[in-house]
There are 2 protein chains.
Amino acid sequence: MPRSPNAPSPKAGPVTLAMVARRAGVSPQTVSNALNSPELLRSETLERVQRTIDEMGYRPHRAAQTLRTRSSKLIGYGIRPAPGNSAPVMDRFLHALSQAADEAGYRILLFASPPGNASLDGHEELIDLHSVDGFVLSGTDRGDPRQAWLTKRGIPFVGFGRMWSGRQIGDWADVDGASGTDAAVEHLVALGHRRIAFLGWPRGSGVGDDRAEGWQRAMRRHGLPVRGRRAQSVDDTASARAAVAPLLDTGATAVIAASDMLALGCYQALRERKAAPGKDVAVIGFDDSPTAALLSPGLSTVAQPLEAAGRECVRLLLARMSEPGAPPERVLLEPSLVVRDSTPAPGS
Amino acid sequence: MPRSPNAPSPKAGPVTLAMVARRAGVSPQTVSNALNSPELLRSETLERVQRTIDEMGYRPHRAAQTLRTRSSKLIGYGIRPAPGNSAPVMDRFLHALSQAADEAGYRILLFASPPGNASLDGHEELIDLHSVDGFVLSGTDRGDPRQAWLTKRGIPFVGFGRMWSGRQIGDWADVDGASGTDAAVEHLVALGHRRIAFLGWPRGSGVGDDRAEGWQRAMRRHGLPVRGRRAQSVDDTASARAAVAPLLDTGATAVIAASDMLALGCYQALRERKAAPGKDVAVIGFDDSPTAALLSPGLSTVAQPLEAAGRECVRLLLARMSEPGAPPERVLLEPSLVVRDSTPAPGS
DNA sequence: CGAGTTGATTGGAGCGTTCAAATGCCATTG
DNA sequence: CAATGGCATTTGAACGCTCCAATCAACTCG
């Protein structure tokens, strides 16, 4: 037996497969098989090799594996500065993605898309140089060229977010915004609200229209009128404030907003007219940004299941890698309503 | 001459160094030298080889290089969910970091620290498996074990952010918060303000104390009193609102807040007492989060130079790698005041 | 004019791993 | 009893690159 039972050799450099083999009294290939195709070994040998592996603290060298197998166990992720105040969402998603990848033995390799320019060079480089196995794309704009390009090259990828126009290609995972606003309506109706307004973004943004849709269908389902109960504004408290005004004028007792920022605009509009948000009028936001919890009253809001989204993206990507020809899979994730203090019963 | 002058061969697999060598009529080693030590080649040969390289669209294979040189040109970055509402800051920093790394021929490899547990296993794995060349650490808490651990192992690293307690080890780049609040005071004084209050976080947070310090020293420099002009609160609009109240009672005409969130609390406190932020009382925030621009009135705030921070981190890290024994270098970056609509002259 | 010096280029080996094919062993089998 | 086949393991080569030492030509100098 060598010096210590489990501590790795204190001074020698990295432990290689060959060293393990020598010590275990087998050929290098057998050690490799113990790791990659254990079923090939006699159980007795397998156990011996495995014991030697942990004794020596052996870890296969990624670069050597990559060189030989042409697969790097790396996933490329193009990062761009998150527009507006969606940074918290992206931040959490990225963390979840990284974690999910880790668990599957993969890692996330970042590369910066120069802002604006969704250039493909970066991807090309990642493929050629680092032999990344696949990509996760986020912020897939309309007419995003990346999907088509990657498809043509046969590089696996998965989108976080649908493409809202054009032909759908490839796999994606997304959050069902409509379902979120639908649930928001349900919650308000259960509390007794009937005049429920929606403050959204200007039409044409896929995400925004989706969220509006959920409100609308839930209202219809309950036989509640939607006409005159909908307004739109960009993500900016001043214009949000102006946009909700008419809704409040017509006696809405609750407002569902397409973002927490818009909800904040509602807060301000209400205070302006000496009404108390979360008391006189219910307000629900979207995204569960950190701000939502810090506002007062605490903003009820629709939370995106970002951890699940990260996991799904990894799952879909791995599936695509192992079966390149399979039909595309798309996953819609259910968001959940986080109830805080901004949603009282009407007239309470 | 082959089929097309510059397009890469349409069907063949990846172009290798050996292919380039054959085509250029030189040895593989010479091609390698053309890339890594061009000064060794006769200018005529160099040109010929280089021409062949772009003609064939050759790109060296990272894994092979890594295997041979034991350097991966990868920088590890431990990502953890950003606490509070610092996500926008971290998001932009990460983007800047990635971009700066790209420009230096490096890439960022992510790994998820399990939340809370600043475990070192992740780092160890990155070193062993992927042979990362160094680390960028962010959110360096007090008594963070990572610094010491990496130092002991001789792994290069750089911190984004000082360590606020304990012995300073290693290189770091940070934003000079004190200088930011100092500049905020200067701006307000120039406008004619004299009763300038500071709303900070509870003492003991390094970052918060730093920002308070700048306000205090600038006030002193102008012979303005600080006593009774300082309050503290956690990042939460309700408690911020309560905390500023006494400051406003004693007639402050301007408030500098340690974060945009606290500044938002000021907005609310002012509205509550029928005063208009950005009109009756000036407010300055910190961080230039996306929210700041979207508030109304637009919040003047201290912006962190995150692009510069990313660049500096990469620069320091590269310096450390090339000269492991050099004395530690520390960089303080100047933030800049972004003036929007929340800072009028007093009594205007 | 041969020995030494410099500058440009090449050959061979090896980084750590896995692939494809070969080997040895043992139990079946006609 | 030689031939067949299945199992467990080994052998040799290769992935693409760079290190190190060696080679070769051209030039300098006593």
Side-chain angles (χ1 to χ4, degrees), chain A residues 8-9 12-50 52-53 56-74 105 125 127-131 133, chain B residues 8-9 12-50 52-53 56-74 105 125 127-131 133:
Chain A
S9 161
V15 184
T16 74
L17 189 146
M19 298 179 184
V20 177
R22 210 169 309 129
R23 175 108 97 90
V26 294
S27 77
Q29 181 62 30
T30 300
V31 180
S32 173
N33 285 339
L35 259 32
N36 302 318
S37 325
E39 74 280 4
L40 289 180
L41 300 203
R42 211 178 20 167
S43 62
E44 186 196 303
T45 325
L46 178 58
E47 207 195 333
R48 177 160 41 101
V49 172
Q50 270 173 343
T52 316
I53 287 178
M56 304 183 72
Y58 167 71
R59 299 258 182 73
H61 193 294
R62 257 267 92 73
Q65 293 181 311
T66 303
L67 180 58
R68 188 70 250 230
T69 64
R70 334 236 87 219
S71 148
S72 60
K73 300 278 187 177
L74 249 32
E125 240 182 81
I127 298 166
D128 290 357
L129 269 64
H130 292 275
S131 13
D133 294 335
Chain B
S9 161
V15 184
T16 74
L17 188 145
M19 298 180 185
V20 177
R22 210 170 308 130
R23 175 108 96 89
V26 294
S27 77
Q29 182 59 41
T30 301
V31 180
S32 173
N33 286 338
L35 259 32
N36 302 318
S37 326
E39 74 280 4
L40 290 180
L41 300 203
R42 211 174 22 163
S43 63
E44 187 195 302
T45 324
L46 178 58
E47 207 195 333
R48 177 158 43 98
V49 172
Q50 269 174 344
T52 315
I53 286 178
M56 302 182 75
Y58 167 71
R59 297 258 183 72
H61 193 294
R62 256 264 90 74
Q65 301 188 123
T66 302
L67 182 57
R68 188 70 249 234
T69 64
R70 331 239 89 215
S71 148
S72 61
K73 299 278 187 180
L74 248 32
E125 239 181 82
I127 297 165
D128 289 357
L129 270 64
H130 293 275
S131 16
D133 293 336

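Quick caveat, the model's predicted, so the values are computed rather than measured. Sequence lines set the chain letters: A, B, ... in the order given, protein chains first and strands last, and positions in each chain run from 1.
- The outermost nucleotides of DNA chain D lying under 4.0 Å from heavy atoms of chain A, listed 5' to 3', are D/dA8 to D/dG16.
- More than 12 non-hydrogen atoms from other residues, nucleotides or ligands lie less than 6.0 angstrom from CD of A/Glu39.
- A heavy-atom distance below 4.5 Å is found between the side chains of A/Thr16 and A/Met19.
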Would you give a per-nucleotide map of nucleotides 8-14 of chain C, 5' to 3', where B means the base has a protein non-hydrogen atom under 4.0 Å away, S means only the sugar-phosphate does, and - means neither? SSBB-BB
Passes side-chain contact (heavy atoms from CB on, under 4.5 Å), A/Leu17 versus A/Leu35? Steps please. CA-CA 10 Å; A/Leu17 189 146; A/Leu35 259 32; 5.6 Å; no
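- Distance alone, capped at 3.5 Å, places no donor-acceptor pair between the B/Arg70 side chain and the B/Ser131 backbone.
- Distance OG/B/Ser37 to CG/B/Leu46: 11.0 Å, rounded to 0.5 Å.
- The distance from the OG1 atom of A/Thr66 to the CZ atom of B/Arg62 is 12.0 Å, given to the nearest 0.5 Å.
- Contact between B/Ala24 and B/Thr52 at its shortest, heavy atoms only, is CB-OG1, 3.6 Å.
- Here CG of A/Leu40 is found 11.5 Å from OG1 of A/Thr45. Values are rounded to the nearest 0.5 Å.
- Scanning both residues, B/Val26 and B/Arg48, for their nearest heavy atoms gives CG1-NH1, 3.9 Å.
- Taking each heavy atom of B/Gln65 and B/Pro60 in turn, the nearest pair found is OE1-CB, 3.6 Å.
- Helix bend of the helix from C/dC1-D/dG30 to C/dG30-D/dC1: the angle between its two end axes, each built from five pairs, comes to 70° after rounding to 10°.
- The separation between B/Leu67 atom CG and C/dT18 atom P is 12 Å, rounded to whole Å.
- C/dT17 atom P lies 15 Å from atom NZ of A/Lys73, rounded to whole Å.
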